[in-house]
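Data first, discussion second: the structure below is written as C-alpha cells.
In what follows, every chain begins at residue 1, and chains take the letters A, B, ... in the order their sequences are listed.
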Amino acid sequence: MAVRIISEDNRTVAMLSGEIDHHSAKGMRQEIDFALRESQPSELVLDFSEVGFMDSSGIGLVMGRYKLMQEISGKVIVKNPSDHIRKVMRLSGIDRLAAIRNG
Amino acid sequence: MKIINEMKISFLSKSENEGFARSAVCAFAALLDPGIEDIADIRTAVSEAVTNCIVHAYRGTQGKIDITAKILEGREIYIRIKDSGCGIENVEQAMEPLFTTAPAEERSGLGFSVMESFMDKLSVKSTPGKGTTVIMRKKLENQDE
C-alpha cells in the first residue's frame, strides 16, 4: 500500500511510500482525504521517509492537502523528504506553506 | 555534435507507463555512470514531459509517445519526447510557472519549470492538432572530479 495512515488525537500521519507521480498521486490523495474527513485533525503530517521519487504531481498532492487543512484551520508538516524531493518542493515555494522537518 | 549512443522507445499514453519511461531513459543514461543528483534530475524531467503527454496531449484519448535518447560527445544526454496529441495553442503561456489547465486534478503547473531548471536546455515545439515535441539536454558532471 502506498499510504499508511495513523490518526491520533488531533494529528493524522500519512506515511507515503514508493514513487509519487501522476499515476500514483490520485490514490494517495483519496486515502488521505478520506482520513482527513473522518478525523478532522489540526495537524497533518506527510511523511516522505519511504518515498524514493517524486515529480511535480507530489507538489499538487501537498498543495491540495494544504488547502484542505486550511479550510479546517489546520496545518501541514512535511517530514523527511530526500534531498531531491526537497529540491522539487523548493521550486514550487511549497516550503513556505508547509513546515519541512527532518527526524 | 557527435552521437556516441542512441536508443528509441515507443509506448502507449497510459499513466502506468510514466514510471517505465523515466526508468528506461535513466537506465540508458546510466551508461555514462552519472552522479545521483544528475540521474534524479533526468528522472524527474522525463516524468514531467511524459505526464504532460498523458494528461494534456492525449486527454480523454490514447496515443503513442516516442522517446529518443542520445549520448553525445562530452558526457551530454539528449532526450526527445514526442507525442501526436492535441498540441499546445500558446507554448509561452503553457511554460509559465504555475499555469495549468487542469487545476481540478491538482496539476501544479510546474512541469515545464521542473524540466527547465533540472536540465541545461529545453525546447518545446508544438503544432495544434498535430502534437508536441520536447527536447532536453543535460551535460553530466564528471564523476572523477
Side-chain angles (χ1 to χ4, degrees), chain A residues 2-3 14 16-34 36-37 44 46 48 50-71 76 78 80-98, chain B residues 11-23 25-26 34-59 65 81 94-119 136:
Chain A
V3 198
L16 310 170
S17 63
E19 303 201 326
I20 305 180
D21 60 9
H22 156 253
H23 180 67
S24 65
K26 195 178 170 188
M28 292 182 174
R29 179 169 96 198
Q30 285 168 345
E31 291 209 31
I32 298 167
D33 290 0
F34 180 77
L36 292 182
R37 262 184 242 110
L44 168 67
L46 297 171
F48 281 79
E50 301 295 321
V51 178
F53 170 83
M54 182 189 98
D55 65 14
S56 72
S57 308
I59 298 301
L61 184 75
V62 177
M63 206 86 99
R65 307 302 64 72
Y66 170 78
K67 283 181 192 157
L68 217 61
M69 287 303 289
Q70 257 197 329
E71 284 170 22
V76 176
V78 170
N80 292 337
S82 68
D83 288 347
H84 192 75
I85 291 175
R86 215 174 247 266
K87 188 172 162 185
V88 179
M89 286 183 177
R90 262 201 308 271
L91 192 76
S92 69
I94 207 156
D95 47 331
R96 291 195 292 272
L97 303 177
Chain B
F11 52 92
L12 285 180
S13 59
K14 288 172 175 282
S15 66
E16 57 261 46
N17 283 336
E18 291 158 7
F20 159 72
R22 60 181 182 258
S23 296
V25 174
C26 283
I36 294 168
E37 197 169 339
D38 277 344
I39 210 80
D41 286 349
I42 294 167
R43 187 180 294 276
T44 315
V46 169
S47 194
E48 299 295 348
V50 171
T51 302
N52 274 351
C53 300
I54 294 165
V55 173
H56 302 290
Y58 293 118
R59 171 166 291 266
I65 300 169
I81 298 170
M95 290 180 77
E96 276 173 25
L98 303 172
F99 175 83
T100 181
T101 52
E105 290 154 58
E106 296 193 343
R107 303 306 311 159
S108 62
L110 287 166
F112 282 124
S113 303
V114 168
M115 292 179 232
E116 213 161 19
S117 78
F118 288 9
M119 301 295 279
M136 303 185 280

Task: Residues A/K26 and B/E106 bridged, charged N to O under 4.0 Å - done: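 Salt bridge between A/K26 and B/E106, a charged N being under 4.0 Å from a carboxylate O: no.
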
Rounded distance [0.5 Å steps], [atom1] in [X] versus [atom2] in [Y]:
{"X": "A/L91", "Y": "B/S117", "atom1": "CG", "atom2": "OG", "result": "4.0 Å"}
{"X": "B/R43", "Y": "A/M54", "atom1": "CZ", "atom2": "CE", "result": "14.5 Å"}
{"X": "B/R107", "Y": "A/M63", "atom1": "CZ", "atom2": "CE", "result": "12.0 Å"}
{"X": "A/I59", "Y": "B/S108", "atom1": "CD1", "atom2": "OG", "result": "6.0 Å"}

Interface residue of largest heavy-atom contact number with chain B, from [options], under 4.5 Å:
{"options": "A/S56, A/A25, A/G58", "result": "A/S56"}
{"options": "A/S92, A/S57, A/S24", "result": "A/S57"}
{"options": "A/E19, A/K87, A/H22", "result": "A/H22"}

Heavy-atom distance under 4.5 Å to chain A: side chain of [X], backbone, both or neither?
{"X": "B/D41", "result": "both"}
{"X": "B/I54", "result": "side chain"}
{"X": "B/V50", "result": "neither"}

Task: Flag, side chain of B/E16 to backbone of A/H23, donor-acceptor distance under 3.5 Å - done: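 Side chain of B/E16 to backbone of A/H23, a donor-acceptor pair under 3.5 Å: no, none is there.
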
TODO: Check step by step if side-chain contact (heavy atoms from CB on, under 4.5 Å) holds for B/E37 and A/D83.
DONE: CA-CA 9 Å; B/E37 197 169 339; A/D83 288 347; over 6 Å; no

Open item on the list: Give me the atom names and distance for the closest heavy-atom approach of A/D55 to B/S47.
Closed with: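 The answer is OD2-OG, 2.6 Å.
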
TODO: Go through the atoms of A/H84 and report whether side chain, backbone, both or neither lie under 4.5 Å from a heavy atom of chain B.
DONE: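 The side chain, not the backbone.
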
